[in-house]
Student: 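My structure is below; once you've seen it, I'll send some questions.
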Amino acid sequence: MFNQTNSQENTLVRDGATIAYRRTEGSTPGVIFMGGFKSDMTGTKAVALEELCRARGTAFVRFDYQGHGVSSGRFEDGGIGLWSQDALAVFDQTTSGPQIVVGSSMGGWMMLLTALARPDRVAGLVGIAAAPDFTEDLIWSTLDETDRTTLMETGVLMQPSDYGEPYAYTRHLIEDGRKHLLLRQTIPLICPVRLLHGMRDADVPWRTSQRIAERLAGEDVRITLVKDGDHRLSRDQDIALLCRTVTELLDGAGAHGISAA
């Protein structure tokens with residue numbers, strides 16, 4: 001169930017948790033934005049896409065996972081399974097008809113999991129430094145034995161972050177992530193996919209986008225590399241690239257007659 005108030009910020013209740021979201025009414029295909037690890041829906045990319053969709057008259061949704069932004073819950077209690085179910089609940093309960101799903105960093109993992117759960121409602125995907133399997137490939141595999149022992153025995157490992165407060169990596173995050181790994185097998189999605197990645201990304205190697213492309217079953221997959229781009233891809237020129245990419249998918253979906261059922 002979800003409650004919509006007169007303000008832009010609304011809440012969705014799932015298993016007792018409150019998930020905050022903002023929805024712009026409009027035509028379909030719509031756009032839904034899925035943010036990254038420890039980020040929230042007020043980021044530059046989410047707001048820019050909202051402005052783009054409002055100007056086009058296109059439906060748009062952005063939201064906070066549990067433990068992120070203004071949603072309820074503690075970040076440390078979350079994991080890939082919980083956050084992907086949050087994303088699916090928002091997708092199911094706040095959108096209708098076909099959607100372009102945009103995922104940034106961890107949101108790229110959420111994007112793929114959502115598309116796998118609802119393939120008939122996804123008109124296209126746009127990944128921005130998409131990071132499926134990051135708990136295994138970018139956290140666990142990079143830890144030395146001392147840190148792995150600390151994580152497994154105490155249940156949490158604090159690691160410095162370039163984006164503010166240290167990150168708390170939990171044992172649950174790692175073990176739960178292993179239940180949702182995607183890059184070890186074919187990803188059975190055939191919708192159009194666009195992957196944007198900065199080649200100076202210090203957090204998620206740009207070759208991760210190459211791995212995603214190789215695993216996807218569909219042929220309409222394109223990677224755009226930004227040679228001087230960092231992980232966030234939030235500069236004016238990066239935002240312009242993102243908006244062009246989303247616009248092209250929206251226009252293409254319309255040209256192929258994809259509309260609300």
Side-chain angles (χ1 to χ4, degrees), residues 1-4 9-24 28-43 45-47 49-50 53 59-75 77-135 172-173 176-183 187-189 191 193-195 204 212 216 246 249:
M1 61 176 292
F2 66 94
N3 302 314
Q4 182 168 334
E9 190 167 292
N10 308 297
T11 58
L12 177 154
V13 178
R14 188 177 83 79
D15 295 335
T18 300
I19 303 172
Y21 70 93
R22 289 178 181 253
R23 178 170 60 186
T24 301
T28 59
V31 177
I32 179 170
F33 180 84
M34 301 184 176
F37 189 71
K38 214 173 184 181
S39 66
D40 61 50
M41 63 174 165
T42 65
K45 294 184 286 291
V47 173
L49 287 176
E50 182 178 74
C53 289
F60 178 79
V61 173
R62 53 188 167 111
F63 67 96
D64 289 331
Y65 313 105
Q66 290 180 54
H68 291 69
V70 292
S71 290
S72 67
R74 296 195 322 144
F75 174 79
D77 295 333
I80 303 306
L82 179 74
W83 296 329
S84 65
Q85 288 302 308
D86 288 345
L88 188 60
V90 173
F91 184 88
D92 284 345
Q93 298 185 41
T94 73
T95 73
S96 62
Q99 299 292 312
I100 304 295
V101 187
V102 183
S104 178
S105 194
M106 181 187 79
W109 197 350
M110 304 296 107
M111 168 189 80
L112 291 167
L113 290 170
T114 299
L116 287 167
R118 301 290 184 267
D120 293 342
R121 287 198 53 219
V122 174
L125 304 175
V126 179
I128 310 155
D133 300 12
F134 79 92
T135 53
H172 171 71
L173 178 70
D176 181 58
R178 289 174 179 152
K179 301 174 184 177
H180 304 280
L181 300 177
L182 295 178
L183 298 180
I187 303 172
L189 293 171
C191 62
V193 180
R194 305 292 180 261
L195 302 169
V204 181
I212 297 170
L216 284 164
V246 171
L249 281 183

Student: Determine whether a donor-acceptor pair (N or O, by modelled atom type, separation under 3.5 Å) exists between the side chain of Asp133 and the backbone of Leu182.
Tutor: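 Checking the backbone N and O of Leu182 against the side chain of Asp133, a donor-acceptor pair under 3.5 Å is found.
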Student: Between Lys38 and Phe75, is NZ or CZ placed under 6.0 angstrom from the six-membered ring centre and within 45° of the ring axis?
Tutor: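 Judged by the rule (NZ or CZ under 6.0 Å from the ring centre, within 45° of its axis), Lys38 counts as positioned above Phe75.
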Student: Decide yes or no on side chain to side chain contact (heavy atoms under 4.5 Å, CB included) for Phe37 and Leu173, but give the supporting numbers first.
Tutor: CA-CA 11 Å; Phe37 189 71; Leu173 178 70; 4.0 Å; yes
Student: I'd like to know if Glu50 and Arg62 make a salt bridge, using a cut-off of under 4.0 Å between side-chain N and carboxylate O.
Tutor: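 A salt bridge is present here (some side-chain N lies under 4.0 Å from a carboxylate O).
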Student: Taking it one step at a time, do Leu116 and Leu189 satisfy side chain to side chain contact (heavy atoms under 4.5 Å, CB included)?
Tutor: CA-CA 7 Å; Leu116 287 167; Leu189 293 171; 3.7 Å; yes
Student: What is the distance from atom CD1 of Ile128 to atom CG of Leu195, rounded to the nearest 0.5 Å?
Tutor: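 One gets 10.5 Å once the value is rounded to the nearest 0.5 Å.
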Student: Roughly how far, to the nearest 0.5 Å, is NE2 of His172 from OG1 of Thr135?
Tutor: 10.5 Å
Student: Show the nearest heavy-atom pair for residues Gly36 and Ser105, with the distance to one decimal.
Tutor: CA-CB, 4.3 Å
Student: Is it the case that the side chain of Trp83 and the backbone of Met106 share a donor-acceptor pair, with hydrogens and angles ignored and the cut-off at 3.5 Å?
Tutor: no
Student: So, for Ala87 and Tyr65, which heavy atoms are closest and what is the spacing to 0.1 Å?
Tutor: CB-CE2, 4.4 Å
Student: Give, for atom OG1 of Thr18 and atom CG of Leu12, the distance between the pair rounded to the nearest 0.5 Å.
Tutor: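 The distance works out to 9.0 Å.
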Student: Could you report the tightest heavy-atom contact between Gly97 and Thr28, atom names first, then the distance?
Tutor: CA-CG2, 4.5 Å
Student: Hey, does the side chain of Asp176 reach the backbone of Ile80 with a donor-acceptor pair shorter than 3.5 angstrom?
Tutor: yes
Student: Identify the residue among Ile32, Val246, Leu249 that makes a side chain to side chain contact (heavy atoms under 4.5 Å, CB included) with Val102.
Tutor: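 Among Ile32, Val246, Leu249, the one meeting side chain to side chain contact (heavy atoms under 4.5 Å, CB included) with Val102 is Val246.
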Student: Taking the side chain from Asp86 and the backbone from Gln66, do they hold a donor-acceptor pair closer than 3.5 Å?
Tutor: yes
Student: I'd like to know whether Ser104 forms a side chain to side chain contact (heavy atoms under 4.5 Å, CB included) with Phe33, so could you lay out the CA-CA distance, the side-chain angles of the two residues, the decisive distance to 0.1 Å, and finally the verdict.
Tutor: CA-CA 8 Å; Ser104 178; Phe33 180 84; 3.8 Å; yes
Student: Using atom types as modelled and distance alone, determine if a side-chain donor or acceptor of Ser71 lies under 3.5 Å from a backbone N or O of Ala20.
Tutor: yes
Student: Mind listing the closest non-hydrogen atom pair of Gly35 and Ser39 along with its distance?
Tutor: C-OG, 3.6 Å
Student: What's the separation between atom CG in Asp64 and atom CD in Glu9, rounded to the nearest 0.5 Å?
Tutor: 7.5 Å
Student: If every non-hydrogen atom of Ala59 is compared with every non-hydrogen atom of Cys53, which pair is closest and at what distance?
Tutor: O-SG, 4.2 Å
Student: I need the Gln99 CD to Met111 CE distance, nearest 0.5 Å.
Tutor: 14.0 Å
Student: For Phe60 and Leu49, what are the C-alpha separation, side-chain angles and deciding distance, and is it a side chain to side chain contact (heavy atoms under 4.5 Å, CB included)?
Tutor: CA-CA 8 Å; Phe60 178 79; Leu49 287 176; 3.7 Å; yes
Student: Taking the six-membered ring for Trp, are the ring centroids of Phe63 and Phe91 within less than 6.0 Å of each other?
Tutor: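 Not close enough - the centres of the two rings lie 6.0 Å or further apart.
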Student: Between Arg23 and Thr94 (side chain of the first, backbone of the second, donor and acceptor by atom type, cut-off under 3.5 Å), is there such a pair?
Tutor: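 Flag set: sc Arg23 to bb Thr94 pair under 3.5 Å.
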Student: Measure the spacing between OG1 of Thr114 and CG of Asp92 and express it to the nearest 0.5 Å.
Tutor: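 The CG atom of Asp92 is 8.5 Å from OG1 of Thr114, to the nearest 0.5 Å.
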Student: Where is the tightest heavy-atom contact between Val122 and Ala115, given as atom of each residue plus distance?
Tutor: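 Shortest heavy-atom contact: CG2-CA, 3.8 Å.
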Student: Counting N and O atoms only, with roles assigned by atom type, does the side chain of Arg121 sit under 3.5 Å from a partner on the main chain of Pro98, one being a donor and the other an acceptor?
Tutor: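 No: the side chain of Arg121 does not pair with the backbone of Pro98.
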